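Position 1 is the first residue of the sequence, and the numbers go up from there. Just so it is clear, the structure is predicted and the values come from calculations on it, not from any experiment.
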Amino acid sequence: MQPCLDPAYLESNTWQKLTPAARCALEGLLQFAMRRHTDWVIEGTPKQLGQWLSSECQFSTDEIVVGLRELTLAGCLRRGRIGFSHATSFIMQVPLGEPAEA
């Protein structure tokens, strides 16, 4: 099941201050998020994520990469390792909820 951004977060100052490219990146990352222990994790390099997300939105790969950097600086994402993996991942640091059942 894919997580969604908490509606209260979408009203927050943090969300309001993000650039459109950063918002697009954060929303786009949700489709790649996997539950690992207690964290929602996205595996991939910034360039890979930028390429994947730019194919689905109006922003270029470079704009998405800048958006990912902005999200990290804003505390929305952090880089880290999960488990025994040698690859670093992006770990979601924003309030997430489960999508409502249709």
Side-chain angles (χ1 to χ4, degrees):
M1 183 180 287
Q2 179 178 321
C4 63
L5 294 172
D6 187 285
Y9 177 73
L10 298 175
E11 302 290 326
S12 72
N13 285 336
T14 304
W15 175 259
Q16 300 299 322
K17 291 179 184 178
L18 294 174
T19 62
R23 288 182 187 183
C24 179
L26 186 57
E27 290 177 319
L29 288 175
L30 295 173
Q31 66 185 309
F32 301 112
M34 298 174 285
R35 192 76 161 164
R36 295 279 164 79
H37 305 288
T38 60
D39 295 315
W40 285 98
V41 177
I42 301 95
E43 295 178 350
T45 66
K47 185 174 181 178
Q48 287 172 327
L49 294 173
Q51 290 170 338
W52 297 336
L53 295 174
S54 67
S55 67
E56 299 179 4
C57 68
Q58 74 270 19
F59 298 103
S60 70
T61 298
D62 291 338
E63 290 171 311
I64 295 294
V65 170
V66 170
L68 293 171
R69 188 174 308 123
E70 179 184 345
L71 292 170
T72 302
L73 293 173
C76 301
L77 296 174
R78 71 179 167 88
R79 297 293 301 262
R81 291 191 174 136
I82 300 297
F84 295 108
S85 173
H86 292 288
T88 58
S89 302
F90 285 97
I91 302 165
M92 304 291 282
Q93 297 292 116
V94 295
L96 298 174
E98 300 292 330
E101 295 287 329

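Side-chain contact between V94 and W40 is absent, with no heavy atoms from C-beta onward closer than 4.5 Å. Between Y9 and C4 the shortest side-chain heavy-atom distance does not fall below 4.5 Å. Residues D39 and M92 have side chains not in contact (no heavy-atom distance under 4.5 Å, counting atoms from C-beta outward). In this structure the side chain of L5 never reaches within 4.5 angstrom of the side chain of P95, judged on heavy atoms. Contact of the C57 side chain with the I64 side chain is registered, since non-hydrogen atoms from C-beta on lie closer than 4.5 Å.
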List the steps and the verdict of side-chain contact (heavy atoms from CB on, under 4.5 Å) for R79 and F90. CA-CA 5 Å; R79 297 293 301 262; F90 285 97; 3.1 Å; yes

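Evaluation of the side chain to side chain donor-acceptor pair (under 3.5 Å) rule for Q93 yields R78 as partners, not counting sequence neighbours. Evaluation of the ring pair (Phe, Tyr, Trp, His ring centres under 6.0 Å) rule for F32 yields W52 as partners, not counting sequence neighbours.
There is no path of hydrophobic side-chain contacts, each under 4.5 Å, that joins V66 to I42. Under the 4.5 Å side-chain heavy-atom criterion for Ile, Leu, Val, Met, Phe, Trp and Tyr, L96 and L71 are members of the same hydrophobic cluster.
At least one donor-acceptor pair under 3.5 Å links the side chain of Q16 to the backbone N or O of L10. Between the side chain of Q48 and the backbone N or O of T45, at least one donor-acceptor pair lies under 3.5 Å.
The NZ atom of K17 lies 9.5 Å from the OG atom of S12; values are rounded to the nearest 0.5 Å. To the nearest 0.5 Å, the span separating CD on Q51 from CG on D62 amounts to 9.5 Å. How far OG of S89 is from CG of L77: 11.5 Å, rounded to the nearest 0.5 Å. Distance CG/L68 to CD/E63: 12.0 Å, rounded to 0.5 Å.
Looking at every heavy atom in both residues, G50 comes nearest to V65 through CA-CG2, 4.5 Å. When all heavy atoms are compared, the tightest approach of L18 to A74 is CD2-CB, 4.2 Å.
Checking E56 against Q31 by side-chain atom types alone, a donor-acceptor pair falls below 3.5 Å. When only modelled atom types and interatomic distance are considered, S54 and S60 share no side-chain donor-acceptor pair under 3.5 Å.
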